[in-house]
Amino acid sequence: FSDDLSFRVAFMTETRDGLDYNTTTGNEGDNLDNLNARLKLRWEPSPDLNIVWTLNGGSIDQLGNGSQMVIDKPRFAAGWKVFDPAYNANEDYVTHKDFDDFTKRDFYDTTLFAEYDVFDGTITAVANYAQFEELVFLDADFGPMPVLKLDNNEEYEQYSLELRFTSAPGKFEYVFGIYGLHNTVDATYDYSSFITVDEALEISGAGELILCDNIPDEDAFYACREQTLNNEAAGQIAGNLINARQQLEGVSPIESSNRVFAQESDSLAAFGQFQWEFTDSLSVTIGGRASYEEKSMAVQHVLFNHRTGQ
């Protein structure tokens, strides 16, 4: 605007098309949509006073996370093909998930910086506020059958303030000040299971594998495991039964694991440094910092069965 007032604006966008294709939902995945922006304003109302205000913000949106199943066993594959006949476990940028993962992050911070020349020195004040929010929704089983989903949300917020006085250059120089910080973290980690324990045992063959563990002969033990994991007929039957139940009851959670995490922190510090230049080749510097921090945390973990209500 003028010699006393000026500003700068900058922004960046990044867009990427999906790198893989989900045959179950019919959507592309692992795409990206980023936006970052910055505004900086400088004001010098007098030769002794300088004020700078900065604002940063941005967002990251991603559909899909680029993960796919690349190794499986015929029993699993047969069960999952009930839900998506195109399912295969190859590293071919083709996924088969019953819903599209997504990640969303929003963040911004603002800083006010002020310097004032007074008393043969400079008073500096720096105030900052920052916030970050993340939402993550993940198909945790990586397959077309509704089995396990993760919902992870996190929020972070902080305030900080620093005040300091810096002496003018000379034989004896010093700086001292205080700094305060307050921040909070709130997060939820929720897992939902959409099949029963018995259905999980059938689709995976885990119950039969326990019987294989009791076989003393090593060759017979491995043969039992391979026969169980390669049993496509058992996997297909389990997949059909799970699909029929979910069609009848609807795709709703059987069990959930809900974890809540909350943390709050307050810290305060005082600092100082003194430098005395005796000669051009000899100087002594003494500095110190004292700090105090108080932190509180709360964690709650609830396991809930939607069928029993407990």
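Please read these numbers as outputs of a predicted model, since none were measured by experiment.
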### Check: R164 and E162 side chains under 4.5 Å, non-hydrogen atoms
yes

### K73 versus L229, closest heavy-atom pair with distance
CB-O, 3.6 Å

### Query
Roughly how far, to the nearest 0.5 Å, is the CG atom of N258 from the NE2 atom of H301?
7.5 Å

### Task
Could you tell me whether E14 and R16 make a salt bridge, using a distance below 4.0 angstrom between a side-chain N and a carboxylate O?
no

#### Entry: S59 side, atom OG; R105 side, atom CZ - distance, nearest 0.5 Å
11.5 Å

### Query
Given the rule that I, L, V, M, F, W and Y join up when any side-chain heavy atoms are under 4.5 Å apart, are V82 and L148 in one cluster?
yes

### Message
With heavy-atom distances below 4.5 Å as the criterion, would you say the side chains of H182 and E264 are in contact?
### Response
yes

### Query
Does a side chain donor of either Q273 or T285 reach within less than 3.5 Å of an acceptor in the other side chain?
no

### Message
Looking at every heavy atom in both L5 and L41, which two are closest together, and how far apart are they?
### Response
CD1-CD1, 3.9 Å

#### Entry: Gap between atom OG of S265 and atom NZ of K295 - 0.5 Å precision
5.0 Å

### Query
If Ile, Leu, Val, Met, Phe, Trp and Tyr residues are connected whenever their side-chain heavy atoms lie under 4.5 Å apart, and connections chain through other members, are I178 and Y292 in the same group?
no

### Message
Other residues, nucleotides and ligands only: do more than 12 of their heavy atoms fall within 6.0 Å of CZ on F221?
### Response
yes

#### Entry: Exercise: do E154 and Y156 side chains pair donor with acceptor under 3.5 Å
no

## Note on the structure
Between the CG atom in D30 and the CG atom in D101, the distance rounded to the nearest 0.5 Å is 10.0 Å

#### Entry: Heavy-atom side-chain contact between I286 and W276 under 4.5 Å
no

### Task
Decide yes or no on side-chain contact (heavy atoms from CB on, under 4.5 Å) for F172 and S167, but give the supporting numbers first.
CA-CA 8 Å; F172 183 69; S167 67; over 6 Å; no

### Task
Identify whether Y87 and I237 are in the same connected component of the hydrophobic contact network (ILVMFWY, side-chain heavy atoms under 4.5 Å).
no

### Query
Is a donor on one side and an acceptor on the other found under 3.5 Å between the side chain of T110 and the backbone of T54?
yes

## Note on the structure
Nearest heavy-atom contact between N230 and P74 is OD1-CD, 3.2 Å

### Task
Take V126 and Y179 through the side-chain contact (heavy atoms from CB on, under 4.5 Å) test and state the conclusion after the steps.
CA-CA 9 Å; V126 183; Y179 174 79; over 6 Å; no

### Query
Taking H96 for the side chain and N88 for the main chain, is one N or O donor matched with an acceptor at less than 3.5 Å?
yes

### Query
Q158 and N128: side-chain donor and acceptor closer than 3.5 Å?
yes

#### Entry: Neighbour count above 12 (heavy atom, 6.0 Å) for I71 CD1
no

### Query
Sub-3.5 Å donor-acceptor pair from the side chain of D20 to the main-chain atoms of G29, do we have one?
yes

### N31 side chain to L63 backbone, donor-acceptor under 3.5 Å
yes

### Query
Are W43 and V9 connected, step by step, through hydrophobic side chains (Ile, Leu, Val, Met, Phe, Trp, Tyr) whose heavy atoms are closer than 4.5 Å?
yes

### Linked, directly or transitively: Y116 and L112 (ILVMFWY side chains, under 4.5 Å)
yes

### Side chain proximity check, M297 to F261, heavy atoms < 4.5 angstrom
yes

## Note on the structure
Heavy atoms of P144 and W80 approach each other most closely as CG-O, 3.3 Å

### Query
Minimum heavy-atom separation for D98 to M145, with atom names?
OD1-O, 3.4 Å

### Task
Going by the side chain to side chain donor-acceptor pair (under 3.5 Å) test, name the single residue among Q247, R245, Q246 that passes it with E249.
R245

### Task
Apply the test side-chain contact (heavy atoms from CB on, under 4.5 Å) to residues I215 and Y222: give CA-CA distance (whole Å), side-chain angles for both, the deciding distance (0.1 Å), then the verdict.
CA-CA 9 Å; I215 299 177; Y222 284 110; over 6 Å; no

### Query
Mind checking whether F137 and F99 have ring centres under 6.0 Å apart?
yes

### Query
Can you list the steps and then say if R307 with T196 is a side-chain contact (heavy atoms from CB on, under 4.5 Å)?
CA-CA 10 Å; R307 290 192 164 183; T196 66; 3.6 Å; yes

### Task
Please tell me if the side chains of L32 and I60 come closer than 4.5 Å, counting only heavy atoms from C-beta onward.
yes

### Message
Below 30° counts as parallel, above 60° as perpendicular, anything between as tilted: where do the rings of F176 and Y174 land?
### Response
parallel

### Query
Does Q227 use its side chain to pair, donor to acceptor, with the backbone of C224 at less than 3.5 Å?
no

### Message
If you count every heavy atom of other residues, nucleotides or ligands that lies below 6.0 Å from Y93 atom OH, does the total exceed 12?
### Response
no

### Query
Below 4.5 Å, heavy atoms only, C-beta onward: do V136 and Y189 meet side chain to side chain?
no

### Message
A side-chain contact here means heavy atoms from C-beta on lying under 4.5 Å apart; do W53 and L55 qualify?
### Response
yes

### Task
Rounded to the nearest 0.5 Å, what's the gap from CG on N27 to OG1 on T95? Could you check?
9.5 Å

### E255 and N305: side chain donor to acceptor below 3.5 Å
yes

### Message
Using the side chain to side chain donor-acceptor pair (under 3.5 Å) definition, which of the options D84, T25, D139, N65 pairs with K97?
### Response
N65

## Note on the structure
In short, P47 meets D117 closest at the heavy-atom pair O-OD2, 4.2 Å

### Query
Which distance, rounded to the nearest 0.5 Å, do you find between the OG1 of T184 and the CG of D266?
10.0 Å

### E232, E208, Q236 screened by side chain to side chain donor-acceptor pair (under 3.5 Å) with R75, the one that passes
E208

### Task
State, yes or no, whether a side-chain contact exists between P253 and F194 at a heavy-atom distance under 4.5 Å.
yes

### SB check K149 D151 (cutoff 4.0 Å)
no

### Query
Can any side-chain N or O of Q68 pair as donor or acceptor with the backbone N or O of V94 at less than 3.5 Å?
yes

